[in-house]
Structure formats: structure tokens, C-alpha cells
Asks: 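Below are the C-alpha cells for one structure; questions will follow.
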Amino acid sequence: MSESEYNIEYLIEEGFVRKECKKCGSWFWTRDRDRATCGDAPCEAYSFIGAPLFTERSADEIREAFLSFFESKNHTRMRRYPVVARWRDDIYLNIASIANFQPLITSGRVPPPANPLVVSQPCIRLEDLASIGRSGRHLTMFEMMGHHAFNKRGGEEIYWKNETVKYCDEFLKRLGVAEEWITYKEAPWMGGGNAGPCLEVIAGGLELATLVFMDLEAVHHPPRNGLDDMTSIGGQWYRKMEMYIVDTGYGLERFVWASKGTPTVYDAIFPEVIDELLSSIGMEHPMERYRNQLIEIARLSGVMNRREIAKKLRLQLPENFFTAVMEPLDTIYAIADHTRCLAFMLADGIVPSNAKEGYLARLVIRRTFRMLKSLQCDIPVEELVAMHIKLLSGAFPELSESMDRINEILALERERYRETLSRGERIVKQLIKGGKEISVDTLINLYDTHGIPPEFTGEVASRFHVPVEIPEDFYSRVARMHGEERREVAEVDQVVANLRERTRSLPKTQRLYYDEPRSYVFNATVLDYFDKFVVLDRTLFYPEGGGQPADTGVILAGSDELKVVDVKSVDGVIVHEIEPEARLETELKRGMDVRGCINYQRRMAHTRHHSATHIVIWAARKLLGEHVWQAGAQKGELRSRLDITHFKRITDDEKRAIEMLANEMVMRNEDISASFLDRNEAERRYGFRIYQGGVPPGKELRIVRIGADEDVQACAGTHCSKTGEVGPIKILRTERIQDGIERIWYSAGEAAVTEMQARDELIKQAASVLRIPESRLPETVRRFFEEWKQLRKENERLRAEIAGLQLDILKNKAQKIDDIEVIAEVIHDAMKEKELLRIASELSSAGFVTLLLSRTGDRVAVVASVPDEVSQKNVNINAATIVKQVCHVVGGGGGGTAKIAQGGGERIEKMEEGIAAGLQLVNEWVKVFKDRVDKRD
RNA sequence: GGGCUCGUAGAUCAGUGGAAGAUCGUCGCCUUUGCGAGGCGAAGGCCCUGGGUUCAAAUCCCAGCGAGUCCA
């Protein structure tokens, strides 16, 4: 990035000089001509610790100072966005104030809600999870105060670099930061496919803000010729964007920290929570006794790591200071941080889960449980979250509205974690009992598969005096293992890409399905056709979107009938896909008038189901809580599904209640209205709730409202005009598609009636089989099942008895081969293999070598057994070998142990032959045995 | 979204192709003044469901349902 990017008028006018840092070599701007380093850690220690940069201010004071300062500079103050980035599909959590405006506004497709604007945006970043607490400066949740200006090339510029730096300098000076302290460090910025020059604002060794001038976007190919104006940063090529955007991030917590000069940012932001944790474990804050040392450690921690600090300060501190004081303190900091993060995550509606953003919430929750346990601290996590919510209530009163749900979720999560650990304890015990060593692989497997943390495994193992070694890089090993998994590259939809190319020059299609929701025929003019696709100037055909399938139907061109099989909207141009057999070039002409006709029944079914979806999610949210969000939906003709976030299984009672409430909404016959509204106006009026089915592009949103704004959603689908038209709504079933997400299946209108009739029919048929009234079905079925179980048992017992009776008969049929008694018989009462086994077993206990064959169904069962005494005599008679031989004869196979074996075959007619073969085998063995004995004698 | 586990007696789990098991709990009898406990015995299983492979499946394969867990 060229030097000229940073030649900012204001800096030059103000007498800043550009210097190269003696330590890191980067360029920076300063008023202090003697300054040698950029001022940033690790080039410089945290000098502000113990020596605040300006007078002490609380977070609320800093926030208000910032917002009102920029308001005075004509910025519009914005409400915060949620910490869950529901409007984006590339990230789960809101990581920066600019994230609020990506990608639609930053790409220029949608105008900003205000310009310029200012916001203090709570953000969550979990990348540095491991160093939270220890580093003294990392937070999982922080407020990024940002002022943004969105400039469009060729348009009127709001402001750019000069004003941005000027505002920053003025704001810092107004807070009381000494001029000569402030440095602006040049640090090219890139992220999320964008890049641009950037100035890091540093004072007292602390980076307070980042001023990004975002004007580049990543391209996938290197420059093709000299005309391409491209820049390479870190091996990636970028080109100028259509927009150039002021993207600033001022770390609210860092300002508070700088104003207090406490050893850590945690002590500056939530000392109340830290004190609570300290007192609960009977520890005093080391500030009381080790003030100077803590300040020294904190100052150095920007420059070196813990081990180096420990080495350097060895002489000034008690021997076990780091393990006895610093480590528990680190943990307390981390707990205080995590619970603050949870306050926002849970209040903003994240439901803990094993997937997506829910997993991130559970990760933070479980880390917190683990840390509380390691301190043997018994404060419930809810209490800590509640403390934060109270501390934050000035700026974020909305957090407390969710307190009940947060309590319930956290209590549930604690119970789940307890169960995971007790399950884990059993598994580890089992492993140890099995005499297995606990290897690193085992540790990883236990964690990966069962969620058992290695520390816990070690703890359980140590109780059995089994050594467990946890490698230091344990978690990175786990991460590495997953990193090796192959990643599938998202395939760009080539069909749509091709269509986009072709339709670019065409005007947007007039959408008759919005204007005339009740029509099913229309006249239109052919604008273009190619491959299997037709574009008209106007259409009734609804294109696939918002989980609603496309309409089908026909286009009548003269006497020809073209079947429409699919419809897509490509940037507002609606493309009809015709069945492959049609020959468009012979049947169509550009400019030709055609008549279209949609499958009205199908459309109405979709329309009813679509309105029903809005009603069902409304009902679910009303009954289950405000955390209910749509996590996916698909409408069909016969049934539809809706996925919602919820932290428990939906019970049958809840399912019925939702169904009832939904039908009440139908019976109230409320208006369903759809109208286009300016996007920013819609967001302002209805909030993010409108984005249940994702965030559609465009300056205007189609807003679908039920009743007096009972449910409001941005939705492109077709809808009934009254809830009454939806007809009955029948919830068919619910299933849990992942932890925290419930899928609700339902039918509406005619389909619901059909479903209910089908269910009626099932019940009727079942009842008529049993010849009982339907009302007695459950009771009777239960009784029948019980009786069936009884009879089965009785049957087994009787068969065993019959088998017992066979014993004496069979014993009488024994023949002697030498001095061995052998029974080899075909049993004609069709016996099951299990009973044959029982008889054979009995007979061999009584001293008989036994071979039994029987017919079971259309095949032969073969069982052989050999008594212990016979094997002991060294006569090599093997039951498995006999069975194999006999089964070979009857056309099958078998096996087992030397003492008892079973098998079977298909050739029923060969049963006698099989007996003979078995006997022959025994004869041979006895002969060999006798020969050997004779020889020895 | 991807990966890895698991589903067997009321509970916790063994059982990796060849006769469904253990421990706890339950019930009955005995011992004990009683409690606690001990002794003897018994009951209790659609081995999650449906297909497939095999002479043979709790066990192997496929699909579904249910549960747990890790990662992005």
C-alpha cells in the first residue's frame, strides 16, 4: 500500500511528523519529534497503567461522550444491532460495528440507514478465548464504538480520511489525552474480503481505536492487463470498490481502562463482579498487598509473556506468587468476562446448542462452569450474569427483559453439563477398570466424542492412581485434527450465473402475482427465450423463493402449449423454465403475445401454507418465548415444515397449545397485508424480527403483516388476505433436527383436512381389526401387547417342556461307538434351533455325543454337542467340525465351539444323509483314537 | 454445515457373527426385638424401528427415529 495513502492534510497541518519505529519498523505519525517507537505494544510498555491518560470515566460516560461528540458532527445515532449476526450467512456473531452494514450496504446495493452515522456496537470475538483473563486486555464481548461514512464513487462525498483523523484527534483531546502521547500508526487493514489503508490510534502504549479507510475488495484473479488498477496485500489482489467507507472502531472498554489505569481492563470494567468472585472464595484482591508489583506485571504484559515476566520479577515476589495469586485471579477475570458475554448472547436470543452460534454459547457456558469448579466457587452462574445485566442496564435496559429465560437456560445447561460429566466419569472408570492406559489419543477421543475435558479425565484417573499426562498443546491438537478434515468448496450455481449473464440487459419483470393474487391467467409479451428458458414482460408465475416452491402451469403461444416446470427470479427478471421436450425456437418469437395459466390449486396450497407458516411461528413465539426464531422453512402442497430455535423439546401439550393458538388466529380472521416499505424504515419500525426467513436484498422490502402487527416479516411469498382463508392448521409432528432447533411439520387448508381424514382412517381401520370402538383403542392395544408378551413367554416355557420330554426318547435311541454313547437323530416335530440347542446341551451334559437335525420352516437346522468327558478323553470329537460336515451335506454352513455348534441348510430331503455323514465322522475319529492308543500300548 | 460416539432388564452398563449377561434396584422366604444388614431364591428383555448380507445378526451393511459430543 503506497505511502501517499497516508498523506493526510490534517496530520500535516497539525505538525505531525512521519517516522519509522525503531523496534518494529512500521511507519507512524506523531507530534513528538523525539519519539523513537510507534508507541504500540510490544514496542512500548503500557505506561498508562498506574498513570491514567485522562480523568476517570465510566463506560456509560465514555459511550455517551463518543455518541454525542459525533452527533455534534452531524452523525445520526443508531441503536445497537444484536450480537447474533442473523443477517449474515458468513459469520455467526457480530464482530464489528461495520458488520451491521455488510454485505448489502457496504457493497452499495442498499443505501445506509443514515449517513454518516455513529453506533456503539456490542461485539463478540471468541478467537482469543484461551488468553482471556491472562492477557489483561482481551475480552470476549466488547463494545466497538464506530462512526461510519459511506461514500459512493462519483457521488457526493460525505467525508473521508481527513475528517476521520481530525474527529479522532479532537475527541481524544477533548477527553484530555495529551497531544504528544497520541500516535497514528500505519497498518494496512484487511478482513472479510475487503481491505484498505488504516491508522491505529495509540496512546500510552494502548491501541485505543482503529481508523479504517475501506476502499478495496478482493478479486479472485491477478491483474490481466495494465488497465486493471489493482493492489496486492499479503498475496491477495484487491481492486477499488464502488463504495469507499470510513470504518472506525473505538474500543469502549479500552478508553475506560485508559482513564482508570488499572492493572487490567477487567478491573476497569466490572470490578463489582471481580470483588464478588474474590470474596466468594475468600481471597483478597492482590491490589491490596502487591499494588506496585501488579502494576509492573501489567505494564510488562504488553511487551512480554508471563514466563518472561515471572523471571524478571522473581526477586520482588513471593515464590509461589504466580501459581497462588495470579492464576486464580486470571480465572476470576475470565469468569467475569465470560458471564458478561453470556448476558448478551442469551439476551439476544442465542439458544445453546451443539451447532452453529448455539455451540459458541455452550462453549462459553461450559468454560465458565469449568473455571468456577476449578476455583471451587459455588456462585451460580446466573447470579454473575444477572450482576452484569444490572451493571449494563443504563445503556442496555433490554437485557433484563430476558432474565427469566436466561435463568432457565443456564439452569438447564448446568444440568446437562453435570450429566455429561457423570457420564464421563463412568466412561473413564470403565476404561481404567479395563486396565487400559490413558494415552493422549484416548484423552483426545474422550474430549472429541464425549465432551470430557482432559483435566476431568485426569482428575478421575488420579483417584485410581492412574497417571494421566495432558500435553500442553492439547486443544491445538484437537483443532489440528479437525483442520485436516476436507473442506468442500462452495459451488457457485452455474445455472444462475449463466442466466444472470443473459438477463442482465432485460427489464425487471412485472410481478402480477403481487398485484393480482387471485388471478390464474394472464396475457404477456415474450421478451426473450434461450435454451429452455422464457422471459416475459409480466407474469403470474411465482418464482421459487422464501421456502415457497415455484408455480407450475402452461404458457400458450398460439395453438402450442408450453409446460412451465420451474420459475426463477434472477435479479428481478423472472425466468420460466419449460419442459425439455419443447422446441422454443419453432414455437416462440420475440415480441409475440402469449397467454399464461398457472396451476391454481397448487398455488393456493402454497399460499395457505405460507400464511400458515407466519401464523405458526407467531403462535410458537407467543407460547414458548421471544428466543424463538425461524431457522429454516419449506412450504409444500400437502405439508410444510418450520424449524425454530428453542432450548427444550416441544412437549405434546405445547404442540397442542401452538396448534390451538394458530387456529384461533385463523378464526379471528385478521387481515394479512403486504406492502413495500423502505428497508431502513422497516428496520426502524419493526426491528430485526422481520428477518425470520433470511435477509432479502434491495432498498425496499415487502413487509407482510398479520392483524395489528401481531406478526411482521419481510417476505416475498404469496399470502392469503385474511387469516381465515388459511383454513384449518394441523400440526402433524415435531422433531429435533439438532440441539436447540425443533422442526414443526404441519398442513393447512385442504391438506390439513386430508391429513386429519387420513389419521381418522388409520384409527378406524385399527379399531375395526380389533372390533372395538375407537375410543378404546389405546387401552385395548396395551392389553393385547401385554397379553402377547405373556403368551410368548408361555410359549417359550412350553417348548422348553416339550424339549425336556424329548430327552428320554432320545436317550433310548443312543448307540455305542466303542465306549462312546452317540445320539444322532432327526427330530420331526419342527423344532427351533434354540430348542435343539437346549436339548443337545442337556444330552451332552448327560454324557452323550449328540447330533440333531430338524425342519424349521423350509430349511434344516443342525445342532451338535460333545460332552466334556469325551473331549477330556482326548478323543478328538469336535462339534463344530461335525456341524460343518453335516451342513455341507444339507446344502448350507455352520459353526460354533468344539463343545456345541449349530448350522443349517436348505435341502430337507438330505437330512438322513446328513445324520449318516455325522456318524461316519465320529466313527473315523474313534478309530484314529483307538489306533493311536493301540500303538502306544 | 462437517465429524465422532451411543441406543441391550426399572437404573448403570458388559457382550464384535454361533445358547441374552453382570451390578444395583424390585419382589418372596429365612436370620434379627427393631433399625442397619446378611443368607437363599424369583420376577423382570420386540437387544430402538425397518430393510439387507448370512446356514445363523444384539453383533456386519443401508435407511430411519432417538440421544450425546467436538469443530467451523
Side-chain angles (χ1 to χ4, degrees), chain A residues 89-93 126-127 352-360 362-363 366 416-417 419-427 429-431 433-434 443-454 474-490 631-632 649 733-739 741 743 785-786 788-793 796 800 803 832-842 844-845 853-854 856-865 879-880 883-884 886-908 914:
Chain A
D89 49 17
D90 52 342
I91 49 173
Y92 293 122
L93 298 171
L126 300 181
E127 289 83 26
S353 163
N354 54 6
K356 299 186 177 175
E357 70 272 7
Y359 170 73
L360 299 176
R362 182 166 286 167
L363 182 75
R366 294 205 166 176
R416 286 197 177 123
Y417 191 51
E419 272 169 26
T420 294
L421 288 188
S422 75
R423 200 171 19 245
E425 187 166 341
R426 286 197 302 267
I427 294 171
K429 274 187 190 167
Q430 209 83 42
L431 278 177
K433 264 194 206 159
L443 276 182
I444 290 179
N445 185 40
L446 285 172
Y447 178 66
D448 201 34
T449 312
H450 302 290
I452 309 166
F474 179 82
Y475 290 98
S476 56
R477 278 205 207 190
V478 174
R480 212 177 307 144
M481 202 176 70
H482 286 282
E484 284 161 13
E485 286 159 15
R486 259 175 270 146
R487 269 188 212 169
E488 273 183 44
V489 183
R649 291 304 309 260
R733 60 190 293 251
T734 62
E735 56 187 342
R736 200 186 80 145
I737 58 166
Q738 59 180 238
D739 211 3
I741 297 186
R743 174 164 292 176
F785 186 58
E786 287 304 319
W788 171 79
K789 284 203 279 190
Q790 287 298 323
L791 288 172
R792 200 176 57 129
K793 234 175 289 171
E796 226 166 86
K832 285 191 179 164
E833 196 173 85
K834 210 157 129 190
E835 279 122 37
L836 287 183
L837 274 167
R838 198 165 288 138
I839 296 170
S841 169
E842 290 279 336
S844 59
S845 323
L853 277 76
S854 170
T856 60
D858 52 356
R859 45 171 292 269
V860 183
V862 180
V863 168
S865 66
V883 163
K884 272 180 196 150
V886 175
C887 289
H888 183 72
V889 173
V890 297
T897 66
K899 283 179 190 167
I900 192 152
Q902 65 271 121
E906 282 158 356
R907 308 181 68 171
I908 295 155

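Here is the naming used below: chain letters follow the sequence lines, and residue numbers restart at 1 for every chain.
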Asks: Is it the case that atom CZ in A:Arg649 sees more than 12 heavy atoms from other parts of the structure closer than 6.0 Å?
Replies: yes
Asks: Within the sub-3.5 Å range, which N or O atoms of nucleotides 57-67 of chain B have a protein N or O partner, and how far apart are they?
Replies:
residue	atom	partner	partner atom	Å
B:G66	O3'	A:Arg649	NH1	3.4
B:A67	OP1	A:Arg649	NH1	2.7
B:A67	OP2	A:Arg649	NH1	3.2

Asks: Using the C1' atoms only, state how far B:C48 lies from B:A58, rounded to an integer number of Å.
Replies: 12 Å
Asks: Would you mind classifying the nucleic acid contact of A:Ala880 as base, sugar-phosphate or nothing, using non-hydrogen atoms under 4.0 angstrom?
Replies: nothing
Asks: Whole Å only: how far is the CG atom of A:Leu443 from the C1' atom of B:C70?
Replies: 15 Å
Asks: Report the residues that fulfil ring pair (Phe, Tyr, Trp, His ring centres under 6.0 Å) with A:Tyr417, sequence neighbours left out, ordered by chain and then residue number.
Replies: A:Phe369
Asks: With C1' as the reference atom in both, quote the distance from B:G17 to B:C55 in angstrom, rounded to an integer.
Replies: 12 Å
Asks: In whole Å, what is the span from the CZ atom of A:Arg859 to the C1' atom of B:C55?
Replies: 5 Å
Asks: If you restrict it to nitrogen or oxygen atoms, what contacts under 3.5 Å exist between nucleotides 44-50 of chain B and the protein, and what is each distance?
Replies:
residue	atom	partner	partner atom	Å
B:G44	OP1	A:Lys793	NZ	2.7

Asks: Considering only the C1' atoms, how many Å lie between B:G45 and B:A14, rounded to the nearest integer?
Replies: 15 Å
Asks: In whole angstrom, give me the gap between the P atoms of B:U12 and B:U69.
Replies: 15 Å
Asks: Rounded to whole Å, please give me the gap between CD in A:Glu906 and P in B:A56.
Replies: 8 Å
Asks: Suppose you measure atom P in B:A19 against the same atom in B:U59; what distance do you get, rounded to whole Å?
Replies: 14 Å
Asks: In whole angstrom, what separates A:Arg426's CZ from B:U69's P?
Replies: 13 Å
Asks: Can you run through RNA chain B from 5' to 3' and write each base as (, ), [, ], | or . depending on how it pairs? Watson-Crick or G-U wobble, both distances under 3.5 Å.
Replies: (((((((..((((....[..)))).((((((.....)))))).....(((((..]....)))))))))))).
Asks: Between atom CG in A:Leu93 and atom C1' in B:A72, what is the gap in whole Å?
Replies: 12 Å
Asks: Take a 6.0 Å sphere around CD of A:Glu419 and say whether it holds more than 12 heavy atoms from other residues, nucleotides or ligands.
Replies: yes
Asks: Taking only residues two or more places apart in sequence, or in another chain, which ones meet A:Lys429 in a salt bridge (charged side-chain N to carboxylate O under 4.0 Å, His left out)?
Replies: A:Glu425
Asks: Rounded to whole angstroms, how far apart are CG on A:Leu363 and C1' on B:A72?
Replies: 12 Å
Asks: Please check the phosphate of B:U69 (OP1 and OP2 only) for any side-chain N or O of A:Arg366 closer than 4.0 Å.
Replies: yes
Asks: Between protein and nucleotides 17-24 of chain B, what N or O pairs are separated by less than 3.5 Å?
Replies:
residue	atom	partner	partner atom	Å
B:G18	O2'	A:Gln902	OE1	2.9
B:G18	O6	A:Gly894	O	3.3
B:G18	O6	A:Gly895	N	3.1
B:G18	N1	A:Gly895	N	3.2
B:G18	N2	A:Gln902	O	3.3
B:G18	N3	A:Gln902	OE1	3.2
B:A19	N6	A:Ser841	OG	2.8
B:A19	N1	A:Ser841	OG	2.5

Asks: Identify, between A:Leu360 and A:Ile452, the residue whose nearest nucleotide on RNA chain B lies closer to the 5' end.
Replies: A:Ile452
Asks: Starting at atom CD of A:Gln738, determine the distance to atom C1' of B:G3, rounded to an integer number of angstrom.
Replies: 14 Å
Asks: Answer with yes or no whether A:Asp448 presents, from its side chain, a donor or acceptor under 3.5 Å of a partner atom in the base of B:U69.
Replies: no
Asks: Classify A:Glu419 by what it touches in the nucleic acid, base, sugar-phosphate, or nothing, heavy-atom distance under 4.0 Å.
Replies: nothing
Asks: How many whole angstroms separate atom CG of A:Leu421 from atom P of B:C70?
Replies: 11 Å
